[in-house]
Amino acid sequence: MSQARHILKSTFGYDNFRHHQTDIIESIIHGQDVLTLMPTGGGKSICYQLPALIRPGTAIVVSPLIALMQDQVDALQQLGIKAAFLNSTLKAVEQRLIEKGFLAGSYDLLYLAPERLLNEYTLSIIDRCEISLFAIDEAHCVAQWGHDFRKEYQQLSMLHECYPNVPRIALTATADQRTRNEIIEQLALQQAHVFINSFDRPNIHYAINDLGNGRDALWQFIEHNHPEDAGIVYCLSRKSVEATAEWLNKKGRTALPYHAGLPQDFRQKNQQRFLRDDGLIIVATIAFGMGIDKPDVRFVAHMNLPKNIESYYQETGRAGRDGLPSNAWMNYGLKDVINLRLFTQNSDADELFKRMMLQKTDAMLGLCELTSCRRQAVLNYFGETLDEPCGNCDNCINPPETWDATIATQKILSCIYRTDERFGTQYIIDILLGKDDERIKANSHDQLTTFNIGHEHSGPEWRGIFRQLVAHGFLATDTEGYGVLKLTPKAWPLLKRSETPQTVMLRKLKKASKEKKKRVSTATRRTNQHLSTHDQDLFEQLRQLRSELAKDQNVPPYVIFPDKTLVEMAMNKPSNEEQMLAISGIGAVKFKRYGESFLTELKQHQ
Ligand code: ADP
Ligand code: ZN
């Protein structure tokens with residue numbers, strides 16, 4: 001392990017191992033199989049990259065993400081590590097060259113897609129080479145229960161049969177027990193050492209809002225928290241993706257659209273630009289993101305409700321892989337709640353599956369309407385306990401107020417009952433507010449006892465109450481999608497006042513006004529929060545230099561140095577080689593390549 005520690009410092013530039021890295025690396029070096037579950041950004045790659053440098057032979061890394069292999073290999077080459085990949089994006093001559101290099105034992109690591117690995121030709125080459133280990137990345141792809149099943153992955157069990165003496169390490173960031181068991185079974189990892197990390201992402205700040213106009217709220221959030229940062233904005237439809245991107249561009253940000261309806265090469269180009277340029281926003285449907293390995297995504301914004309907590313956690317998890325403070329921000333409204341419920345009700349899945357989906361919907365809505373710590377709730381959902389409230393989510397920083405909404409609820413329920421459960425939200429609100437309306441008059445609904453009895457709340461406030469009642473299951477909508485409100489069994493006890501008294505506590509609406517500015521900025525956690533104004537300028541200069549160096553070599557900037565390294569440089573202002581090497585993320589090879597350029601830049605700022 002002393003050799004491993006030495007390489008950690010000299011090659012990767014890090015002083016200490018994180019989490020279970022020590023034990024994982026030790027097991028692999030000694031030839032044992034390993035299954036490791038670590039959240040995104042936890043530091044999985046080093047777990048196989050480092051043993052690959054210590055064990056004799058070439059490490060085969062299996063990954064389904066062909067588009068990422070180039071960047072992964074670029075990053076390794078920047079560290080002075082001999083690595084290559086083989087996939088269909090390469091020309092035939094390039095492939096031959098790499099095969100030759102592989103046969104000659106020139107690589108420490110070789111990246112392959114599973115179908116490439118499994119073809120007979122590749123296997124015949126592998127048979128002739130010394131293999132140090134097999135790393136199976138994104139191992140959850142082997143699980144049918146998981147969200148990203150790939151058939152080829154199941155055949156990877158042959159590795160165990162054909163190469164029993166080569167250690168295997170399976171890695172994933174997927175949490176649940178069932179997927180975990182399936183991985184063990186499918187890949188024959190019964191003998192493997194299993195290392196499970198907490199799934200908490202402490203650097204991500206969670207906020208879920210109900211701020212009315214989504215776009216304005218989004219802009220306020222971006223402007224105040226991330227005026228220059230890279231981020232992802234998720235929208236539900238292709239149309240809203242395009243409209244939102246255009247709108248952000250008008251606001252002065254560079255925002256690129258991404259959805260499955262755009263031409264492949266245009267999509268590809270936008271994704272590439274997002275990875276390679278600093279500070280771009282990508283506006284996308286959930287088609288975007290699988291395998292996006294950009295470490296400095298500073299925010300993920302949801303303009304609608306994700307389908308379930310699994311999706312929410314996966315999508316927000318794309319923020320802050322580098323461990324620096326990042327924001328997961330979401331805004332939603334009544335329509336989202338209705339649509340989500342409808343989507344589940346109308347799915348033509350079998351009953352059992354539908355019941356499961358309904359439970360997941362309930363959990364997601366529960367998370368939105370929650371008044372206590374969001375992180376505790378999410379981790380609890382994944383079977384993990386966080387003892388104390390996190391202090392880094394909206395509810396912790398700004399505890400929501402609740403109020404006794406029993407009377408308001410009864411007014412709504414009674415109004416729906418008296419109008420025979422035939423109308424939608426707006427109509428019911430109009431009755432409660434006593435609106436002078438032809439349709440209401442024609443139906444004689446201005447004669448109801450519930451007409452004009454709701455002036456203690458404004459229209460938007462009533463909408464917020466409706467949303468929460470649907471979310472909490474007091475109201476349902478018709479399955480045809482007309483938005484007609486129905487009473488649920490849960491509503492009846494409230495309607496019949498004779499029953500055991502019951503109170504309904506709801507969240508107070510947040511005001512979508514200037515007050516919000518204050519609220520957002522207290523929650524703000526900028527990447528560079530530790531930097532003074534002067535150091536912030538320096539950081540920007542260093543970022544600029546990094547960007548130029550990256551463009552020259554056509555690699556993403558973070559492959560040269562992560563933001564964290566630049567922040568540390570701006571703070572500590574190293575002025576010689578020794579001080580430079582003390583900065584996290586700078587090893588010998590990186591220093592040799594870039595040390596002088598950065599030292600020169602730093603000198604100019606003294
Ligand atoms: P994952 O694959 O788990 O999402 P990565 O392997 O990409 O995460 O690691 C995330 C970041 O953390 C990378 O920038 C990596 O270099 C860094 N990292 C990994 N291990 C350490 C460590 N022991 N000390 C400091 N940084 C580390
Ligand atoms: Zn919290």
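Atoms within each ligand, like the ligands themselves, are counted from 1 in listed order. Model, not experiment: these values are computed from the prediction.
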- Item | Aromatic plane relationship, Y14 with F12 - under 30° parallel, 30 to 60° tilted, over 60° perpendicular | parallel
- Distance from atom 1 (P) of ligand 1 to nearest protein heavy atom, with residue and atom: G41 N, 3.5 Å
- Message: So H20 and T36, do their side chains get closer than 4.5 Å, heavy atoms only?
- Response: no
- Task: Using a 4.5 Å cut-off on heavy atoms from C-beta on, say whether the side chain of T172 contacts that of R180.
- Result: no
Measure centre to centre between the rings of [X] and [Y], then say whether the value is under 6.0 Å.
{"X": "F199", "Y": "F382", "answer": "no"}
{"X": "Y313", "Y": "Y381", "answer": "no"}
{"X": "F299", "Y": "F221", "answer": "yes"}

- Message: So, regarding S584 and ligand 1 (criterion: nitrogen or oxygen to nitrogen or oxygen, under 3.5 Å), is there a contact or not?
- Response: no
- Below 3.5 angstrom, do we get any N/O pair linking L8 and ligand 1? no
- The angle formed at the Zn ion (ligand 2) by SG of C373 and SG of C390 is about (to 10 degrees) 100°
Just which atoms of ligand 1 are under 4.0 Å from any heavy atom in [X]?
{"X": "F17", "result": "23 (N)"}
{"X": "N16", "result": "22 (C), 23 (N), 24 (N)"}
{"X": "S45", "result": "2 (O), 5 (P), 6 (O), 7 (O)"}
{"X": "I46", "result": "19 (C), 20 (N)"}

- Task: May I ask which of Y48, Y14, F561 has a heavy atom nearer to atom 15 (C) of ligand 1 than the others do?
- Result: Y14
- Note on the structure: Among R18, K564, R321, closest by heavy atom to atom 12 (O) of ligand 1 is R18
- With no hydrogens and no angle check, do the side chains of Q536 and E540 hold a donor and an acceptor under 3.5 Å apart? yes
- Query: If you measure from each heavy atom of M38 to ligand 1, is any distance below 4.0 Å?
  - Reply: no
- Message: salt bridge (Lys or Arg N to Asp or Glu O under 4.0 Å) for K294 and D296? Distances and angles first, verdict last.
- Response: CA-CA 6 Å; K294 187 176 167 63; D296 54 354; 3.2 Å; yes
